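This one's a predicted model, so the numbers in the text were calculated from it and none came from an experiment. Just so you know, ligand 1 is whichever comes first in the structure, and atom 1 is the first atom listed for that ligand.
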Amino acid sequence: MSHCDWDAIIVGAGPAGSALACRLGPQRRVLLLDRAPRSPLALPRIGESLPGAAAVLLQRCGGFERFLVAGHVERAATVSQWESSEPVWFDHLRDPNGPGWHLDRTRFDADLRAAAVAAGSTLIDVVGPLRVLRGAGSWRVECDAAVSEQRAPLLIDATGRNAVVARKLGIARRAEDRLTCLYLHLPADPGDEDQCTRVCVDRNGWWYSVRVPTGQRVLAFHLDADDAELRALRVPSHLLAKARRLPLLADVLPVATDEAVQVRPAGSAVLDRQAVARSAPGFFAVGDAGLAFDPIASQGIFHALASAESAANAIERSDDGGALDSRDAFLEEMDSVHVHYRDRLRLTYAAPAQYREWPFWARRIGNSS
Ligand SMILES: Cc1cc2nc3c(=O)[nH]c(=O)nc-3n(C[C@H](O)[C@H](O)[C@H](O)COP(=O)(O)OP(=O)(O)OC[C@H]3O[C@@H](n4cnc5c(N)ncnc54)[C@H](O)[C@@H]3O)c2cc1C
């Protein structure tokens with residue numbers, strides 16, 4: 001089989017992979033692989049928010065001007081019933097980094113991919129499984145879309161929660177909980193002018209609802225995968241009825257819907273750091289593939305961009321494009337992000353005192369397994 005040589009192969013062109021390709025592309029030969037666009041595995045994205053602090057990371061990727069006119073909507077206030085039944089308002093306008101945005105995720109990902117290609121990276125859509133091998137000092141990737149074998153000293157897993165490459169290398173990924181998100185997109189309603197993000201707690205999970213840039217309203221409930229109610233809540237009318245018991249949500253929700261309920265794993269998960277450290281030189285995992293956040297943190301995309309920036313810095317620091325010492329420094333940085341995140345997450349879940357004894361909440365504050 002013929003082969004193609006690259007300096008880096010990045011698998012996954014979501015925010016993490018594309019951001020890394022933007023950073024490495026100008027100086028290196030970068031191959032960016034993603035699943036073919038119309039994959040049946042691809043669920044509609046929920047519609048995420050991005051904090052204002054991400055602006056500096058987007059600027060480093062190039063294309064920030066494009067981002068500003070791409071239809072992402074500035075975040076308005078968040079109103080939450082979390083610590084008590086009293087609604088608490090938080091106005092993102094007071095954030096010194098700016099209010100941040102509700103993203104049009106399809107557009108956001110497409111623009112970052114385009115920026116990666118403009119920065120010199122080659123993007124190939126793959127169909128079917130990848131084969132990943134290590135031999136003669138380089139990584140080798142075979143896929144059905146490319147007739148030749150792709151080789152590079154650097155291999156980056158940016159495949160999101162699936163961590164496809166890491167799993168192929170036998171690196172374990174530890175799920176820290178069984179959080180699952182049920183969500184549906186309600187059709188745009190001209191009478192719905194509410195711009196706030198509404199967040200509230202329930203006995204067996206937590207809710208949020210917000211209008212996304214398409215004008216649709218997302219309604220999302222987060223509960224444990226082993227919750228006996230999960231099956232029933234996959235029926236749209238049941239999910240909506242449960243949400244409408246809560247006054248903060250009833251105000252903005254319709255009385256009926258036929259929209260399908262989507263289900264996504266949403267819990268915290270982390271790649272085994274020791275196993276990554278033991279893997280052959282030049283392997284990195286960025287974004288959700290390395291560390292996936294609970295959506296209550298609203299940190300996933302920021303982390304995708306920030307971990308790509310850290311990996312780019314580590315790669316640039318090493319003369320041979322992936323020396324172990326610079327990877328160790330990267331892994332240490334990711335460890336400290338993880339420790340800080342775990343501490344904050346526990347405090348967040350400890351706050352709703354009224355539900356502390358219920359399994360969903362007790363599990364998250366260490367009172368039960
Ligand atoms: C319910 C929910 C709500 C969320 N809300 C927020 C929020 O408000 N704010 C926030 O910042 N984050 C939020 N997140 C997290 C956010 O969606 C992720 O953190 C973010 O998408 C991670 O980016 P990534 O590039 O690491 O992975 P992904 O976005 O998952 O991208 C992975 C890429 O890899 C590709 N890929 C996968 N497998 C293969 C393969 N075998 N071969 C080739 N390519 C492959 C995929 O096609 C995709 O393009 C939320 C997550 C969930 C589940």
Give the contacting part of R45 toward ligand 1: side chain, backbone, both or neither, where contact means a heavy-atom distance below 4.0 Å.
side chain

Contact check: R161 vs ligand 1, nitrogen or oxygen atoms, below 3.5 angstrom
no

Any nitrogen or oxygen of E48, side chain or backbone, less than 3.5 Å from one on ligand 1?
yes

Is the backbone of T159 close enough, under 3.5 Å, to the side chain of R35 for a donor and an acceptor to pair up by distance?
no

Tell me, do W6 and L154 make a side-chain contact under 4.5 Å, heavy atoms counted?
no

Any atom of ligand 1 sitting under 4.0 Å from a heavy atom of V164?
yes

More than 12 heavy atoms of other residues, nucleotides or ligands under 6.0 Å from CZ of R131: is that the case?
yes

Side chain, backbone, both or neither: A13 near ligand 1, heavy atoms under 4.0 Å
backbone

May I ask you to check if R363 and F360 form a cation-pi contact, with NZ or CZ under 6.0 angstrom from the six-membered ring centre and within 45° of the axis?
no

When you compare the side chains of R327 and S279, does any donor N or O come within less than 3.5 Å of an acceptor on the partner?
yes

Heavy-atom side-chain contact between L345 and R342 under 4.5 Å:
yes

Ligand 1-proximal atoms of A158, by part, heavy-atom distance under 4.0 Å
backbone

Option among D294, D227, D226 that satisfies the salt bridge (Lys or Arg N to Asp or Glu O under 4.0 Å) test with R178:
D226

At less than 4.0 angstrom from any non-hydrogen atom of G287, what atoms of ligand 1 do you find?
26 (O)

For ligand 1 and R264, I'd like to know whether there is a polar contact (N/O to N/O, distance under 3.5 Å).
no

Report yes if V11 has an N/O atom closer than 3.5 Å to an N/O atom of ligand 1; otherwise report no.
no

Nearest non-hydrogen contact to atom 3 (C) of ligand 1 from the set S307, A220, P295 belongs to P295

Contact partition for R113 relative to ligand 1, non-hydrogen atoms under 4.0 Å
side chain

Of all the heavy-atom pairs spanning A54 and L305, show the shortest one and how long it is.
CB-CD1, 4.2 Å

For ligand 1, is any non-hydrogen atom under 4.0 Å from S49's backbone (N, CA, C, O), its side chain (CB onward), both, or neither?
both

In terms of residue, atom name and distance, what is the protein heavy atom nearest to atom 35 (C) of ligand 1?
D34 OD1, 3.1 Å

If you define the side chain from C-beta out and look only at heavy atoms, does anything of H222 sit under 4.5 Å from I296?
no

Could you check whether any heavy atom of S18 sits closer than 4.0 Å to an atom of ligand 1, since that is the contact criterion I want to use?
no

At what distance is the nearest protein heavy atom to atom 15 (C) of ligand 1, and which residue and atom is it?
G300 CA, 4.0 Å

Is ligand 1 under 4.0 Å from a heavy atom in the side chain of V126, in the backbone, in both, or in neither?
side chain

The closest protein heavy-atom partner of atom 28 (P) of ligand 1 is G160 CA, 4.2 Å

For V30, which of I9, D7, L24 qualifies under side-chain contact (heavy atoms from CB on, under 4.5 Å)?
L24

Which bit of P265 is near ligand 1, meaning a heavy atom under 4.0 Å away: side chain, backbone, both or neither?
backbone

Per-atom contacts of ligand 1 with C181, taking only distances under 4.0 Å to non-hydrogen atoms
1 (C)

May I ask you to identify, for R105, whether its side chain, its backbone, both or neither come under 4.0 Å of ligand 1 on a heavy-atom basis?
side chain

Quick one: does S298 get a heavy atom under 4.0 Å from ligand 1?
yes

Rounded to the nearest 0.5 Å, what separation is found between the NE2 atom of H3 and the OG atom of S138?
8.0 Å

Taking atom 40 (C) of ligand 1 as the reference point, the nearest protein heavy atom with its distance
R35 CG, 3.7 Å

Distance to 0.1 Å, residue and atom name: give those for the protein heavy atom nearest to atom 37 (C) of ligand 1.
T159 O, 3.6 Å

Is it true that R174 and E176 have a side-chain N and a carboxylate O under 4.0 angstrom from each other?
yes

Is the H72 ring parallel, tilted or perpendicular to the F108 ring (thresholds 30°, 60°)?
perpendicular

Using heavy atoms and a threshold below 4.0 Å, how should the contact between D288 and ligand 1 be classified: side chain, backbone, both, or neither?
both

Gap separating the CG atom of N313 from the CZ atom of R60, nearest 0.5 angstrom
7.5 Å

Any side-chain donor near an acceptor of the partner, N162 and R167, under 3.5 Å:
no

Within the 4.0 Å heavy-atom shell around A16, which atoms of ligand 1 are there?
25 (O), 26 (O)

Based purely on interatomic distance, does I301 place a nitrogen or oxygen under 3.5 Å from a nitrogen or oxygen of ligand 1?
yes

